Structures are given as C-alpha cells and as structure tokens.
Amino acid sequence: QVQLVESGGGLVQAGGSLRLSCAASGSIRTIYSMGWYCQAPGKQRELVALITIGGDTVYTDSVKGRFTISRDSAKNTVYLQMNSLKPEDTAVYYCKQKVRGFDYTLRDYWGQGTQVTVSS
C-alpha cells in the first residue's frame, strides 16, 4: 500500500557528512510525521529526529547542532543532513512515516534501513 525507500548511507571518516533521503509512495492521503531512527549492533532502535505535519522538529540530544531533519512535502520525502559525524553515529538508520491512507487507516511505515559507518 505504502512503500518507503531510503538512500544515502555509506562509509565516511569522522568529521565527514552524509545526507539520507526517504521517499514514500503509494496510497497516501496525509503524512502526519516523518522521522529517522538508528539501531547500532546490540542496541535497541531509538529516535534520532522527527518532523511533524506542522513543521515542528525534535532531536535526540546527541545529534543537536550536527544533524538537521527537513522535508519536501510535495514529494513525500524526508531528509537527514548529518554533519560532523562521529564513530558513535555508526548504525543502521531507518526512516518512519506516519501515514493516513486512502482508506483512512492510520499506520506507521518503515524504510528498509541504510547503513552509516563512521571510521575513526
């Protein structure tokens, strides 16, 4: 019904930058929020950044001032600009979008994940 496709991950050195993208397609009526989560080996998945339908943003403390979440609503796409990357940022990053479908059901959709590796 709704598909999320992520791109932009890769291997970078500490201090470098990456830009992640996540585009949604399918039977979408309204997207209420878009967010990025990370999951490092042996750890639980946790929120990195979120943007709401009204444009409000939330960041986890460890990325404030380094990462920026933004969106292109017309394209159902959310971005995560990641600057000043640190080895501890290494994780699989997952996109999530909260979507009201054509049938008016509300549910979360997840992207496939993209690996971000930061070397020291």
Side-chain angles (χ1 to χ4, degrees):
Q1 184 180 358
V2 176
Q3 297 78 226
L4 271 54
V5 178
E6 299 181 33
S7 62
L11 174 64
V12 297
Q13 294 186 352
S17 297
L18 287 171
R19 191 192 193 208
L20 307 184
S21 299
C22 173
S25 61
S27 303
I28 299 167
R29 192 176 298 276
T30 310
I31 300 176
Y32 290 98
S33 67
M34 303 176 175
W36 291 95
Y37 295 72
C38 68
Q39 188 165 24
K43 296 194 173 184
Q44 295 192 98
R45 191 173 299 185
E46 62 183 36
L47 178 70
V48 176
L50 183 77
I51 186 165
T52 72
I53 191 170
D56 297 318
T57 58
V58 176
Y59 298 92
T60 192
D61 286 344
S62 63
V63 309
K64 288 179 180 176
R66 299 190 297 123
F67 293 6
T68 303
I69 189 168
S70 62
R71 68 184 176 191
D72 184 339
S73 296
K75 296 181 177 180
N76 295 329
T77 299
V78 61
Y79 306 93
L80 187 67
Q81 179 66 48
M82 310 167 73
N83 297 329
S84 302
L85 282 161
K86 304 174 180 179
E88 49 262 46
D89 296 321
T90 295
V92 178
Y93 284 74
Y94 295 90
C95 174
K96 187 186 80 172
Q97 301 196 26
K98 188 178 293 293
V99 177
R100 180 84 69 183
F102 284 168
D103 62 358
Y104 291 98
T105 59
L106 183 67
R107 62 178 287 182
D108 292 330
Y109 291 90
W110 290 88
Q112 80 278 10
T114 185
Q115 177 70 47
V116 171
T117 303
V118 184
S119 62
S120 60

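Please read these numbers as outputs of a predicted model, since none were measured by experiment.
- In the hydrophobic cluster analysis, where Ile, Leu, Val, Met, Phe, Trp and Tyr join through side-chain heavy atoms closer than 4.5 angstrom, Trp36 is grouped apart from Val92.
- With hydrogens and angles disregarded, no donor-acceptor distance shorter than 3.5 Å links the side chain of Gln3 to the backbone of Gly26.
- Side-chain atoms of Arg71 come within 3.5 Å of backbone atoms of Ile53 as a donor-acceptor pair (strictly under, hydrogens ignored).
- Both Ile31 and Ile69 belong to a single network of hydrophobic side chains, linked directly or stepwise wherever heavy atoms of I, L, V, M, F, W or Y lie under 4.5 Å apart.
- Across every non-hydrogen atom of Ala23 and Thr77, the tightest pair is CB-OG1, 3.5 Å.
- For Arg29 (side chain) and Phe102 (main-chain N/O), a donor-acceptor pair under 3.5 Å exists by modelled atom type.
- Looking at Tyr79 and Asp72, their side chains come closer than 4.5 Å, going by heavy atoms from C-beta outward.
- The existence of a salt bridge linking Asp61 and Lys64 is confirmed by a sub-4.0 Å separation between a basic side-chain nitrogen and an acidic carboxylate oxygen.
- A cation-pi arrangement is found for Arg107 relative to Tyr109, the charged atom lying closer than 6.0 Å to the ring centre and inside a 45° cone about the ring normal.
- Going from atom OG1 of Thr105 over to atom CD of Gln1 covers 5.0 Å, rounded to the nearest 0.5 Å.
- Tracing side-chain contacts under 4.5 Å through hydrophobic residues (I, L, V, M, F, W, Y), one reaches Met82 starting from Val118; they form part of the same cluster.
- In this structure, Arg100 is not positioned above the aromatic face of Tyr32 in the sense of NZ or CZ being under 6.0 Å from the six-membered ring centre and within 45° of the axis.
- Side-chain atoms of Asn76 and Val99, non-hydrogen and from C-beta on, never get closer than 4.5 Å to each other.
- Atom CD of Gln44 and atom CD of Gln39 lie 8.5 Å apart (nearest 0.5 Å).
- Here CD of Glu88 is found 8.5 Å from OG of Ser62. Values are rounded to the nearest 0.5 Å.
- Side chains of Leu85 and Phe67 form a contact here, defined as non-hydrogen atoms less than 4.5 Å apart.
- When all heavy atoms of Gly111 and Tyr94 are compared, the pair lying nearest together is O-CD2, 3.7 Å.
- Following chains of ILVMFWY side-chain contacts shorter than 4.5 Å, one cannot reach Leu80 starting from Tyr37, and the two form parts of different hydrophobic clusters.
- Using a 4.5 Å heavy-atom cutoff, the side chains of Cys22 and Met34 are not in contact.
- Remark: the backbone N or O of Gly113 is paired with a side-chain donor or acceptor of Glu6 at under 3.5 angstrom.
- Under the 4.5 Å side-chain heavy-atom criterion for Ile, Leu, Val, Met, Phe, Trp and Tyr, Tyr59 and Val78 are members of the same hydrophobic cluster.
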- Query: Does the side-chain contact (heavy atoms from CB on, under 4.5 Å) test come out yes or no for Gln81 and Ser17, once each step is laid out?
  - Reply: CA-CA 8 Å; Gln81 179 66 48; Ser17 297; 4.1 Å; yes

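- Thr60 places none of its side-chain heavy atoms less than 4.5 Å from the side chain of Leu47.
- Across all their heavy atoms, Ala14 and Ser120 have their closest contact at CB-CA, 4.5 Å.
- Remark: Gln112 CD to Leu4 CG distance equals 8.5 Å, nearest 0.5 Å.
- Residue Asp108 holds its CG atom at 3.5 Å from NZ of Lys98, rounded to the nearest 0.5 Å.
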